[in-house]
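What follows is a set of notes on a single structure, which appears directly below.
So that the names make sense, note that chain A is the first sequence line, chain B the second, and so on, each numbered from 1.
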There are 2 protein chains.
Amino acid sequence: MKKINDKMQCVLDFVEDYLNDNGFPPSVREICSAIGIKSTASCQYYLKKLEQRGDIKRGPENKKRSISLTDNKKTEKFLSVPLIGTVTAGVPIFAYENLEGYYPLPTEFGNSDDDLFMLKVKGESMIDAGIYNDDKIIIQKTDYAENGDIVVAFFDDGATVKRFFRKNDKIILHPENSSMSDIILDDVKILGKVKGLVRKF
Amino acid sequence: MKKINDKMQCVLDFVEDYLNDNGFPPSVREICSAIGIKSTASCQYYLKKLEQRGDIKRGPENKKRSISLTDNKKTEKFLSVPLIGTVTAGVPIFAYENLEGYYPLPTEFGNSDDDLFMLKVKGESMIDAGIYNDDKIIIQKTDYAENGDIVVAFFDDGATVKRFFRKNDKIILHPENSSMSDIILDDVKILGKVKGLVRKF
DNA sequence: GCAAAAATCAAACGTTTGTTTGCAATTTTG
DNA sequence: CAAAATTGCAAACAAACGTTTGATTTTTGC
C-alpha cells in the first residue's frame, strides 16, 4: 500500500496544481472530472490512500474543499525579503515607491525577514571585495558597524556600499577598488551590514 | 472606500492565518465566529469590500471556501532548486546522497526548477570572474556550451568550474585566476552553464 | 481459468455553505 | 437634527459538496 500509481499521482498533481492556480483546494467532483473518473467514490478512494501515505491531509468530515498538502509537499520555509529600488534622499528607504518587490532567500540568512532587505548595487566601488555592478546585496538593518564591516551608508543623497572603519574620531568609507579613494567623514548614517549577495549572469 | 478599518483588517488577518494553519480557506461562517459577528451577511459585506480593495479574491459564485489571497499578499512565486553537495565520480550527480537540500530562488533564474541546480564552489580558480570559494553557483543543466561560457564540467573525478573555449578541435577549460593554467582536453563532459551565484558573508 | 482483490460506477442523502432579503441599530454627514 | 450611509442581525433558500451504499467491471495471483 506504500506504492504510488499513476492515478494517485494524477490526483496529487492535480491538487497541487489547483492549489497553485487558485489558492484554494479543489472539490472532490472537480478532481473527478479533471482526471477523468466518473464517480466521486473513486476519488474518495484515492484521497484516502493519499492521506494514508501522508501526501495530503483532509479536514474534518464534511468540510468542503478541506484538502491540504502535507509539509513534505509544501514548499520549504524561506524568507521573503524586500528589494529596494532606488535610495533617494528625503524619501524614507522603505517607502512603498522604493519597493521593487520581494525576493525569496533561504533561511540561512536570518530567522525573520524583518531585519533584512536587498539593494541593487550600482558602480564598481567594491569589485575587489567581489561585489560587482548589478549584484543584489543582502543587507541586515543596523545603525552600528564594526571596523572592517561592509556597510550600506547614506552618503551624498544616496546609499553607498563601502567598507567601514572608525579611526581617530573619523569615519572612513573605504571602496574596495584601487582606483578610488577613501571617503572620510565626521559622521555617517549606516543603513545596514552586507550579509550576502545574489548575482545573475 | 479605500481605507481599511479594524474589522476588515480582522477578517483579512484571520483569512491569512487560517490559510497558513490549515492550507485551505475558511468558510464565511468560520470567519463570522472568529471575529465575533453573528450574521453571515455581515461577513459577506466585509469580504466584498476586501475584494474591491484587491486584498482577497473570491472564486465563482457558490463555490465553497473559494477565498484566496491576491498576489500582493500571497508569497510570490519562486523556484526550489536542488543544492548538490559533493560531486563524485561514479555516483550520478543527482543521486539522493548528493542532495544537500533545496534552495529558494527568484523566478528570474528560470521558469521551471527542472533544469536548474546549485553547487558549492570549492577553490579559487574563478576569483577573477567574481566567483569565490564557498559561493553557491546556480547552474542550468546543459551538455553544450559556447565559447566564453562559464561551465561546470566533469574533470578529474569531480566537478570543476571554468570558462569554456573550443579551439582547433581541443577543449580549453580556462580558470579565471592568473596563477593557474588552462586545462586542455580532447573531450569533456559538461554538466551545465553557470547562471548566477549566491554568496553569504 | 477462476476466485479474490482492486478499481470504478451511479445514485441518493444529508451537511455545509454562499447568497439573499428585509429590517434594526448605529454612525456619519450636511 | 434629520437624512444618508454604514454596520449589524435573523432567517430561509438553494447550490455545492462530502459521504455512503451496493452493484459492476477490471486486474491480479495462483
Can you find a side chain N or O atom of [X] that sits less than 4.0 Å from OP1 or OP2 on [N]?
| X | N | answer |
| --- | --- | --- |
| A:Arg58 | D:dT19 | yes |
| B:Lys49 | D:dT7 | yes |
| B:Ser42 | D:dT7 | no |
| A:Arg65 | D:dA16 | no |
| A:Ser27 | D:dA16 | no |

Interatomic distance, [X] [atom1] vs [N] [atom2] [rounded to whole Å]:
| X | N | atom1 | atom2 | answer |
| --- | --- | --- | --- | --- |
| A:Arg29 | C:dA12 | CZ | P | 13 Å |
| B:Gln44 | D:dT7 | CD | P | 16 Å |
| A:Lys63 | D:dA16 | NZ | C1' | 16 Å |

Which nucleotide, D:dT7, C:dT20, D:dC17, lies nearest any side-chain atom of B:Lys64?
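Side chain of B:Lys64 sits closest to D:dC17.
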What's the closest nucleotide to the side chain of A:Ala41 if the choices are C:dA10, D:dC9, C:dT16?
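For A:Ala41, the side-chain atoms sit closest to C:dA10.
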Could A:Arg199 and A:Tyr132 be counted as a cation-pi pair, given that NZ or CZ must be under 6.0 Å from the ring centre and within 45° of the axis?
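Here A:Arg199 passes the 6.0 Å and 45° test against A:Tyr132.
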Are B:Tyr18 and B:Glu30 close enough that a side-chain donor and a side-chain acceptor fall under 3.5 Å?
yes
Regarding B:Ser125 and B:Lys162, is there a side-chain donor-to-acceptor distance under 3.5 Å anywhere?
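Distance-only check passes for B:Ser125 and B:Lys162.
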Tell me which of B:Val28 and A:Ser39 sits closer to the 5' end of DNA chain C, going by the nucleotide each one is nearest to.
A:Ser39
Under 4.0 Å between a side-chain nitrogen and a carboxylate oxygen: does that hold for B:Lys136 and A:Glu108?
yes
Pairwise 5' ranking along DNA chain D for B:Glu61 and B:Lys38, keeping only the more 5' one
B:Lys38
Any donor-acceptor pair, under 3.5 Å, between the side chain of B:Thr40 and the base of C:dT17, if you only look at N and O atoms?
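Answer is no: no donor-acceptor pair is held.
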